[in-house]
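Below is one structure, written out as structure tokens; the observations come after it.
Here is the naming used below: chain letters follow the sequence lines, and residue numbers restart at 1 for every chain.
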Number of protein chains: 2
Amino acid sequence: MTEQRNPVVGISGLAESRPTLKDEAVSIVRRALMSGDMQPGKIYSANALASQLGVSNSPVREAMMALSEKGLLEVVRNRGFRVVELSPDDQREVYDLRMLIEVTAVGRVADQGVSTEDGQRLATMVDTTLAAARPDNMIDYLERDQEFHLSMVQLLGNTRMTKIIENLRDQSRVSGSYHLAERGLLVASAAEHGPILAALLSGNRNLVESLMTEHLSYSLP
Amino acid sequence: MTEQRNPVVGISGLAESRPTLKDEAVSIVRRALMSGDMQPGKIYSANALASQLGVSNSPVREAMMALSEKGLLEVVRNRGFRVVELSPDDQREVYDLRMLIEVTAVGRVADQGVSTEDGQRLATMVDTTLAAARPDNMIDYLERDQEFHLSMVQLLGNTRMTKIIENLRDQSRVSGSYHLAERGLLVASAAEHGPILAALLSGNRNLVESLMTEHLSYSLP
DNA sequence: TAGAGATTGGTTATCGACAATCGATTGTGT
DNA sequence: ACACAATCGATTGTCGATAACCAATCTCTA
């Protein structure tokens, strides 16, 4: 019988060419990873999460598979999905890549020039990020931080490069970026965004790159 | 009753902690993409491929989803999976990234030094690749070429960087790398591997990087 | 006691089925 | 002839069920 199925309310009540259940599951799990609701090293069951969300296993499974491809989860056969726990070596792998790609990307943007409009937009982000830099507000802060950095990179126009950088940053975030809060370095890190943007707008590539290099060291343990 | 299920014979008859059906499907589709059996721009049905392989839709679907994550396919909602067709802009995105990452990676390997053993292994690959450089042998040749380049990069020990480079090279390969064969540049490209390896072994980073830079221009249209 | 082998508990990997959805095609009215 | 609505065919996205599987626990024997 054509009974109305369990509506499966996602996040937004909006109905706009509805995203697939898999997509919703991806963002839910992703958020749980970033917020620490899912802890590194622990194994989680796709089926269990599926029934929590009120959907069947398939879309949730696909979501966790996708996150495994991105290196945020590990598939443990017939056991579940383990949240990755970056070893010191892993962390340096990610760090090295970010130093190479992310720094170069922002440097190139400086070379290429930034429109006044984009400059304004970025300046706003610097402010809101700094305002969000409170230890009790880590999750939101990290989101703003991510937005600012990705917005700079996006100006280069290389979508693949942006995706790669986003993924690397996500990997950094999962395995505790909490040493920032612990050490009260949160505001210090946010405060560097201003000079970085200034250098970017002035088109000083060398300066931007050295500031970015220094800035990235905050993501080291 | 514990009845023997449909055996679902994969490719290799080997039974060694059997890979998942999804994994088998991934390599099958991947090969089809590289060989041109699946053509850029065309849409293929996961279910159709599933019944061709004698398995259900789920693992094949997961495989094609994974390849979509990697940028080799595009999901077209309720229509199927389209083989990506790189626009000129897309091709330059990939090219720019390879120039940045792949060249740097090989350069760093030169700095770091290569063991005699590894050098031997690479030298063998140079030979077999050159031997495979016949226009009627494109698929095999491309496989050897890939193996040589990835083996160099692997020596750096950054697994994530290797994966990224592998993915970028795969993207280059899908959308016809056939201009090589067409223009008879195949042997010319393979012949550059020797000097590259020589420069690598001699630890001359600058030389390696400039040779690699030149070499990559073969992957441009 | 110690160790091999059976049992258990929980999870996935895979299956087959079906409604929702999309693009193309056909049909209709002006 | 043309715009627009209804229909059609194909494919996915999602579902619920189940056997295969892994790790850990328990049992039994030497």
- Taken in chain and number order and not counting sequence neighbours, the residues that satisfy side-chain hydrogen bond (donor to acceptor under 3.5 Å, both in side chains) with A/Glu147 are none

- Return the set of residues passing side chain to side chain contact (heavy atoms under 4.5 Å, CB included) with B/Glu74 (not counting sequence neighbours), or none when no residue passes. B/Arg82, B/Val84

- Message: Please enumerate all residues that pass side-chain hydrogen bond (donor to acceptor under 3.5 Å, both in side chains) together with B/Thr159, with sequence neighbours excluded.
- Response: A/Glu93

- First of A/Val76 and A/Ser56 reached from the 5' end of DNA chain D, by closest nucleotide: A/Ser56

- Mind checking what makes side chain to side chain contact (heavy atoms under 4.5 Å, CB included) contact with A/Lys163, not counting sequence neighbours? none

- Query: Can you name the ring pair (Phe, Tyr, Trp, His ring centres under 6.0 Å) partners of A/Phe148, sequence neighbours left out?
  - Reply: A/His193

- Does anything in residues 57-67 of chain B reach DNA chain C, meaning a heavy atom under 4.0 Å, and if so which residues? B/Asn57, B/Ser58, B/Pro59

- Query: Which part of the nucleic acid does A/Ala46 contact within heavy-atom distance under 4.0 Å: base, sugar-phosphate only, or nothing?
  - Reply: sugar-phosphate

- Compare every heavy atom of A/Met161 with every heavy atom of A/Ala105, then report the nearest pair and how far apart it is. CB-SD, 3.7 Å

- Message: Considering every strand and a 4.0 Å limit on heavy-atom distances, what is the contact class for A/Val75: base, sugar-phosphate, or nothing?
- Response: sugar-phosphate

- Query: Choosing from C/dT12, C/dT14, D/dT14, which nucleotide comes nearest the side chain of A/Leu21?
  - Reply: D/dT14

- Query: Does A/Ala133 have any side chain to side chain contact (heavy atoms under 4.5 Å, CB included) partners at least two apart in sequence or in another chain, and if so, which?
  - Reply: A/Tyr141, A/Leu186, A/Val187, A/Ala190

Using the 3.5 Å cut-off, write out each protein N or O paired with an N or O of nucleotides 5-10 of chain C and the distance between them.
none

- Contacts of B/Ser87 meeting side chain to side chain contact (heavy atoms under 4.5 Å, CB included) (sequence neighbours excluded), chain-then-number -> B/Asp89, B/Asp90

- Task: Please tell me which of the listed nucleotides, C/dC15, D/dC15, D/dC22, lies nearest to the side chain of A/Arg77?
- Result: D/dC22

